[in-house]
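One structure is given below, encoded as structure tokens.
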Amino acid sequence: MASLSTSVISLPRHPNSSPPTFSTDLRISSHPALSLVDQCTSIKQLKQVHAQMLRTGVFFDPYSASKLIAASALSSFSSLDYARQVFDQIPQPNVYTWNTLIRAYASSSEPAESILVFLEMLDHCSECPDKYTYTFAIKAASELRALQVGRGFHGMTIKASLGSDIYILNSLVHFYGSCGDLDLARRVFVKTPKKDVVSWNSMITVFAQGNCPQEALELFKEMEAENVKPNDVTMVSVLSACAKKVDLEFGRWVCSYIQRNEIKENLTLNNAMLDMYVKCGSVEDAKRLFDRMPEKDIVSWTTMLDGYAQLGNYEEAWRVFAAMPSQDIAAWNVLISSYEQSGKPKEALAVFNELQKSKSPKPDEVTLVSTLAACAQLGAIDLGGWIHVYIKKQVMKLNCHLTTSLIDMYAKCGDLDKALEVFNSVERRDVFVWSAMIAGLAMHGQGRDALEFFSKMLEAKVKPNAVTFTNVLCACSHTGLVDEGRTFFYQMEPVYGVVPGIKHYACMVDILGRSGNLDEAVELIEKMPIPPTASVWGALLGACKLHGNVVLAEKACSHLLELDPRNHGAYVLLSNIYAKTGKWDEVSGLRKHMRDAGIKKEPGCSSIEVNGSVHEFLVGDNSHPLCKEIYSKLDEMALRLKSNGYVPNKSHLLQFVEEEDMKDHALILHSEKLAIAFGLISLSPSQPIHVVKNLRVCGDCHSVAKLISKLYDREILLRDRYRFHHFREGHCSCNDYW
DNA sequence: GTAGGGTTAG
């Protein structure tokens, strides 16, 4: 046997040194060149064998040429371009040769080529595509999620009398599922005459991955009832369905089922069990399994890492991260996204920084999506903009995920123009891209524009979803478009097929309540088909505060506290209503109750980004290095405001403060004012002051910001928990409607 | 001589 340990290959001499003859020569299948093909470990070696085959003429035997193509296209060192070159040298490729190329492209990174080769085959091959050809071509269509193309193949298989081939039918189930058409997948499955285990597996997988975990589990039971023995692949999908359903009990049952039925455990199955445990919240079960797994790969480690991170146990998460054999980008992404999603955007950015410093792995699309979301939370536009440039420099394709994140980041960082620029620059806009743009316009108070975008979206034939409607209603709420809001709300289900959810009800209550239609808001709550949640009562309570309706406020508040007894926001709102109507006894009563129950008001916190770093201020904060300068600026501001007729609005104090002077003092120390003062001293006059506040802006701070924008001739952009306030020349973009 | 179904991060 020839050895390939050297890079230059010398083929063994043919036993009788005479050139081989082909066509009918059966010895060809054992020709030495062919066994060499199997031993190649690099494209270079393959090329040497190829050259020898050409020289000896072996290449012109279709069987031999196909082997060469298979090796160049399907091996670990595969090069499809090379395979294509080899293919093009073959004078008359047969069906098998065509199949090899179509198969190789189908599972490559360019499945579209597979379809093109299939079409070429129809033109150039004297034989018809066979059952193998179709399975490969259908696989390519699945990869591409090309519904129409696949349907075409489906029709062709029927015409070619291959309509009952089990391989083709199973591929079709998988294909329709990956196109998201569960209905067609099911129809093919139902019509499959003799279902084998793969048929069942395919359909279960389609349900599990298509957000129908319940159907997946039911089908598994049906499969059992039909006495089809499930295998390891079945169980992977069943576990995935348990994970999606967050059904730990059933998940545990499945694990014991696997043992009872002696389904052979392998790495993938163990990983699926790990994932199920983690998704169902039992990292303990996951850890027990992890410790006894004979083999672990990067997926096992990443799943454990995710388990700890999701539970907020970052100490253990970092320990797993450090212990993994290698940290791939997925591991970094777990950390960044879990920090970002649990409201720790600063930590997320710190991890991103570490990743940058470590040089490898390179951030991928998921990294950037999570990091942009963290920037959006913080209002960190410098880093956000940097990532935008990074994407352009890396010539990364802006897919819809990234586009959505960029629009969201720019909008939440106050740069609506940039958000629009991104929106206008892309070719493809899915429902999320449109919805993000509508949300951006809404939060900047441009409700009418938001609605115009909504109609453009409909014109573009993009179907709105629940998120779209939340944003549309939000736009109506921020701009006070009551009639429009009502119309959209009542059109949702009959016209667009989107059933109003709790968020939509909360928005609608907000729209009605805010505009003073408190009775209608109450009526809507009473008629809701789903039980109202804290957010719904919260919206009503907010409206009561705006319109000074103490009686209704107390009712809303008691409902709210019934559902969420520790909701400090409710106490604050009610207390504000009491304060507004001068009921100071009630204010102190509430205060006392909060103290006794150990409920603390979430401290107001404002942050401002100056030269790329984020500075945070709490109320009365004096921890900033420039604290002295900030406070003297505040004194100056107070004087200037007073001399311009400003009177502090004390109803915005939660605390009952005896001394009048103290009240003024507490107000002037609100975090947003500290941040604005810091902005005034550290930014050049041409730079707008961007402040992000964690709570809703207080009424007094709102008036102050308006005045400052005029007296100091500065633009102030304040983002509160709900929206943007853009102060310019004494006015706010919200028109004092918020 | 070829085939179909599976696990991690948004």
Side-chain angles (χ1 to χ4, degrees), chain A residues 28-29 34 62-67 69-70 73-74 94-104 106-107 130-139 142 162 165-175 177-178 185 189 192 195-206 208-209 230-241 243 266-276 278-279 296-307 309-310 324 328-338 340-341 363-373 399-402 404-405 432:
Chain A
I28 200 73
S29 60
L34 288 183
Y63 175 69
S64 310
S66 298
K67 269 212 99 151
I69 286 177
L74 302 166
N94 62 15
V95 177
Y96 177 80
T97 321
W98 283 101
N99 287 353
T100 307
L101 197 63
I102 292 170
R103 171 188 173 201
S107 44
D130 62 10
K131 55 185 181 173
Y132 296 104
T133 324
Y134 283 111
T135 36
F136 301 140
I138 292 167
K139 185 190 170 80
S142 303
L162 295 168
D165 181 87
I166 185 100
Y167 282 88
I168 290 178
L169 288 167
N170 292 348
S171 313
L172 282 170
V173 170
H174 173 77
F175 159 72
S178 41
F189 173 75
T192 302
K195 301 180 185 66
D196 64 3
V197 65
V198 178
S199 317
W200 289 91
N201 289 352
S202 304
M203 197 61 226
I204 291 175
T205 307
V206 165
Q209 296 183 344
N231 62 14
D232 51 328
V233 178
T234 323
M235 300 326 288
V236 169
S237 285
V238 170
L239 285 164
S240 157
N266 56 38
L267 181 58
T268 307
L269 183 54
N270 279 331
N271 283 343
M273 292 202 270
L274 273 188
D275 178 55
M276 180 279 293
V278 160
K279 292 234 170 77
K296 302 172 177 100
D297 67 357
I298 192 96
V299 175
S300 334
W301 284 94
T302 313
T303 307
M304 286 311 294
L305 169 62
D306 189 39
Q310 291 296 322
M324 336 181 30
D328 68 351
I329 194 62
W332 288 91
N333 291 346
V334 167
L335 287 169
I336 296 174
S337 79
S338 72
E340 182 269 313
Q341 293 196 335
D364 67 2
E365 188 197 293
V366 179
T367 323
L368 300 180
V369 167
S370 304
T371 308
L372 283 168
N399 62 15
C400 287
H401 261 302
L402 264 179
T404 305
S405 307
F432 295 100

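Quantities reported herein were computed from a predicted structural model and do not represent experimental measurements. The chains referred to below are lettered A, B, ... by the order of the sequence lines, with proteins before strands, and numbering in each begins at 1.
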_Taking the minimum atom-to-atom distance to the side chain of A:Ser337, which one of B:dG10, B:dT2, B:dT7 wins?_
B:dG10

*So among A:Asp297, A:Thr303, A:Thr302, which one has a side chain to side chain donor-acceptor pair (under 3.5 Å) with A:Asn271?*
A:Asp297

_From OH of A:Tyr96 over to P of B:dG1, roughly how many Å is that when rounded to an integer?_
10 Å

_Closest to side chain of A:Val369, choosing from B:dT2, B:dG10, B:dT7_ = B:dG10

*Nearest to the side chain of A:Val299, which nucleotide is it out of B:dG1, B:dG10, B:dT8?*
B:dT8

*asked:* Stacking between A:Tyr167 and B:dA3, defined as ring centres under 5.5 angstrom apart with planes under 30°, is that present or not?
replied: yes

_Checking side chain to side chain contact (heavy atoms under 4.5 Å, CB included) between A:Tyr132 and each of A:Asp165, A:Ile102, A:Asn99, A:Val95, which is the one that passes?_
A:Asn99

*Please determine, for the side chain of A:Phe136, which listed nucleotide (B:dA9, B:dG10, B:dA3) has the closest atom?*
B:dA3

*Of all the nucleotides listed (B:dG6, B:dT2, B:dG10), which has the minimum atom distance to the side chain of A:Arg103?*
B:dT2

*Can you name the nearest heavy-atom pair linking A:Val206 to A:His174, along with the distance?*
CG2-CA, 4.3 Å

_Nearest listed nucleotide, side chain of A:Thr302, among B:dG6, B:dT8, B:dG10_ = B:dT8

*asked:* By nearest atom, which of the nucleotides B:dA9, B:dT7, B:dG1 is closest to the A:Asn94 side chain?
replied: B:dG1

*asked:* By the 4.0 Å heavy-atom rule, please label A:Thr100 as base, sugar-phosphate, or nothing.
replied: nothing

*Could you tell me whether A:Asp196 contacts a base, only the sugar-phosphate backbone, or nothing, with contacts defined as non-hydrogen atoms closer than 4.0 Å?*
base

*If you check every side-chain atom of A:Tyr132, which of B:dG6, B:dT2, B:dT8 has the closest atom?*
B:dT2

*Describe the nucleic acid contact of A:Gln310 in one word from base, sugar-phosphate, nothing, applying a heavy-atom distance below 4.0 Å.*
nothing

*Are OP1 or OP2 of B:dA9 and a side-chain N or O of A:Lys279 less than 4.0 angstrom apart?*
yes

_Tell me whether the count of non-hydrogen atoms from other residues, nucleotides or ligands lying under 6.0 Å of CZ in A:Phe189 goes above 12._
yes

*Between B:dG6, B:dA9, B:dG10, spot the one nearest the side chain of A:Thr268, thanks.*
B:dG6

*Check: B:dG10 base within 3.5 Å donor-acceptor of A:Glu340 side chain*: no

_Side chain of A:Asn399, heavy atoms from C-beta onward: which of B:dG10, B:dG6, B:dT8 has the nearest atom to it?_
B:dG10

